[in-house]
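Reading through the structure tokens given below for one structure.
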Amino acid sequence: MKHLAALFGRRARLRWLHLIIGGALLMPYFLVGTVLVGMAGGGEALFSSVPAQFAAFAIALPMAAVTGFFPLVRPLSVAAARALCGVPPALLADGPARTRQARVRTAGWYTLHLALGGIISGSTLALPPFAVAVAALPFFGGLRATWLLDGPEALREPWALALAPFAGLAMLLALALVAAVAGEVLARRAPVLLGPTPEDRLAAAERRAADLAVRNRLARELHDSVGHALSAVTLQAGAARRVLDRDPEFVREALTAIEETTRRTVGELDSVLGLLRQDGEPGDGDTAYGPGLDALGGLLAHCGVPVAYERQGDPDGVDPVVSREAYRIVQEGLSNASRHGGGASPVRLLIAVRERELEIVMENPLGERPAVLRPGGGRGLRGIAERAVLLGGRTEAGADGGLWRLTAVLPGTAGRTEGRR
């Protein structure tokens, strides 16, 4: 049963169908080959001459090989191999063949497929009727009189007629065996000829890296706009609960801060979710990543610490990607000042837009933590450094006497940023 399944099972039948498709694809080239052979002197005996048929077959294969160099042949061949040959999808390449090596391999596969398919298709059309006729010889006298009239005398012997049904069955089994072997050959060669080339693997690695960069970017946005905002809200609510009975003014301030935080966070969350709903990569001017420097006024007004803001140049002319990352850096710096600064002393913020760079300088006095925390940003100095490095910029941070100074220098354009990958 195992051997019969190998010859007539579902996989064998699908591979046989794949070979039949190859024979069908070969037919246009074969017809051109027969025309060329006829013009060369095949004459009327073309379709009855075996050498002429093989000559047409030999002419057809180079023409098929040329067709295999077209880029779209590979995805069509890969789809057929995955569906009918039983080849694991991971072993085959995706997309058109763009490089010379990939096209040569695809042409080799296409030629092999059509060559084996032409042989199996021709055999499938011709051999079964012949095998059935041979198997029926002992049972039909008229058939014997027609087939054996001019044949060898030995075929008319009783022992030969008795073996005729077995001979017919053997022919059919031989055809199934040859088809199974041809299908196995194609299945084994598919990963070699239709598998990814080194260039395909490099392109796939680049796509995976780009996908990871997008996911990491979204993770940062969600963490910055939601995670730390929720942490701040939790701390504000806890602080308000502890002084609810003795300091109503503080509770009112904490509730106001919670309202402002949640309203801003919901807006930023909608922006990030809007990006997730997009089918492709955002354009250069896409604002779905989050707020930019144009929204800095609202952040400074409700950050929970006094800010002395100085601006040099026009932030509105900064690349949108750089503007977005600059906003997040300022947000994180204000969050740090809110957590660890002196509270009553103002934070000095300088944003200088120069010809080729954007500089952010934040200074705040070191002191005790204030009672009410306002919405913050990301993962501290590490998050700030990551954003700057991805933009091709740099950061410096540290204590200088009684001040904490944070400096970030970003390129004026996003030509080297993850946002354009």
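Because only heavy atoms are used, hydrogens play no part in the values below, and waters and symmetry mates are left out as well, while side chains stay in.
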Check [X] against [Y] and note the closest heavy-atom contact, atom names and distance.
{"X": "P62", "Y": "A58", "answer": "CD-O, 2.9 Å"}
{"X": "L293", "Y": "A326", "answer": "CD2-CB, 3.8 Å"}
{"X": "P315", "Y": "Y309", "answer": "CG-OH, 4.5 Å"}
{"X": "G33", "Y": "A56", "answer": "C-CB, 3.7 Å"}
{"X": "A135", "Y": "P138", "answer": "O-CD, 3.5 Å"}
{"X": "D294", "Y": "S323", "answer": "N-OG, 4.5 Å"}

[X] [atom1] to [Y] [atom2] distance, which is reported to the nearest 0.5 Å:
{"X": "W16", "Y": "L7", "atom1": "CH2", "atom2": "CG", "result": "9.0 Å"}
{"X": "I329", "Y": "I351", "atom1": "CD1", "atom2": "CD1", "result": "10.0 Å"}
{"X": "R387", "Y": "L410", "atom1": "CZ", "atom2": "CG", "result": "11.0 Å"}
{"X": "M63", "Y": "L26", "atom1": "CE", "atom2": "CG", "result": "8.5 Å"}
{"X": "L137", "Y": "L163", "atom1": "CG", "atom2": "CG", "result": "12.0 Å"}
{"X": "T111", "Y": "L116", "atom1": "OG1", "atom2": "CG", "result": "10.5 Å"}

Are the side chain of [X] and the backbone N or O of [Y] linked by a donor-acceptor pair below 3.5 Å?
{"X": "R394", "Y": "A408", "result": "no"}
{"X": "S121", "Y": "G118", "result": "no"}
{"X": "H18", "Y": "R13", "result": "no"}

Exercise answer: donor-acceptor pairs, residues 74-90 side-chain atoms, under 3.5 Å, sequence neighbours excluded:
unit_1: R74; atom_1: NE; unit_2: G95; atom_2: O; d: 3.1
unit_1: R74; atom_1: NH1; unit_2: D200; atom_2: OD2; d: 2.8
unit_1: R74; atom_1: NH2; unit_2: G95; atom_2: O; d: 3.3
unit_1: R74; atom_1: NH2; unit_2: P96; atom_2: O; d: 3.1
unit_1: S77; atom_1: OG; unit_2: V73; atom_2: O; d: 2.9
unit_1: R82; atom_1: NH1; unit_2: D94; atom_2: OD1; d: 3.1
unit_1: R82; atom_1: NH2; unit_2: P89; atom_2: O; d: 3.2
unit_1: R82; atom_1: NH2; unit_2: L92; atom_2: O; d: 3.4
unit_1: R82; atom_1: NH2; unit_2: D94; atom_2: OD1; d: 2.7

Hey, does [Y] have a side-chain heavy atom less than 4.5 Å from the side chain of [X]?
{"X": "R354", "Y": "E359", "answer": "yes"}
{"X": "P71", "Y": "R98", "answer": "yes"}
{"X": "I360", "Y": "T395", "answer": "no"}
{"X": "W404", "Y": "P365", "answer": "no"}
{"X": "V361", "Y": "L349", "answer": "no"}
{"X": "Q312", "Y": "V353", "answer": "no"}
{"X": "L403", "Y": "N364", "answer": "no"}
{"X": "L300", "Y": "V307", "answer": "yes"}

Partners meeting side chain to side chain contact (heavy atoms under 4.5 Å, CB included) with A295 (sequence neighbours left out): P291, Y327
Could I get the full list of side chain to side chain contact (heavy atoms under 4.5 Å, CB included) partners for A115, not counting sequence neighbours? F57, L61
Could you walk me through whether V347 and E363 pass the side-chain contact (heavy atoms from CB on, under 4.5 Å) test, one step at a time? CA-CA 6 Å; V347 176; E363 295 179 349; over 6 Å; no
Do R328 and E325 pass the salt bridge (charged side-chain N to carboxylate O under 4.0 Å, His left out) test, and can you show the C-alpha distance, the side-chain angles, and the key distance before you say yes or no? CA-CA 5 Å; R328 293 301 187 192; E325 298 298 336; over 6 Å; no
Looking at F8, I want to see if its CZ is surrounded by more than 12 non-hydrogen atoms of other residues, nucleotides or ligands under 6.0 Å. yes
Please lay out, stage by stage, how L127 and L172 fare under the test side-chain contact (heavy atoms from CB on, under 4.5 Å). CA-CA 7 Å; L127 190 57; L172 294 177; 5.6 Å; no
Can you list every pair that meets salt bridge (charged side-chain N to carboxylate O under 4.0 Å, His left out) and has a residue in residues 19-39, with sequence neighbours left out? none
CA sep, side-chain torsions, deciding dist, call: V322, L391, side-chain contact (heavy atoms from CB on, under 4.5 Å): CA-CA 7 Å; V322 177; L391 288 168; 4.2 Å; yes
Residues 99-110 side chain polar contacts: donor-acceptor under 3.5 Å, at least two apart:
unit_1: T99; atom_1: OG1; unit_2: A102; atom_2: N; d: 3.3
unit_1: R103; atom_1: NE; unit_2: A97; atom_2: O; d: 3.2
unit_1: T106; atom_1: OG1; unit_2: A102; atom_2: O; d: 2.8

Residue set satisfying side-chain hydrogen bond (donor to acceptor under 3.5 Å, both in side chains) with E259, at least two apart, ordered chain then number -> R263
Please evaluate residues R15 and L186 with respect to the criterion side-chain contact (heavy atoms from CB on, under 4.5 Å), reporting the C-alpha separation (whole Å), side-chain torsions for both, the decisive distance (0.1 Å), and the verdict. CA-CA 9 Å; R15 289 179 176 177; L186 285 180; over 6 Å; no
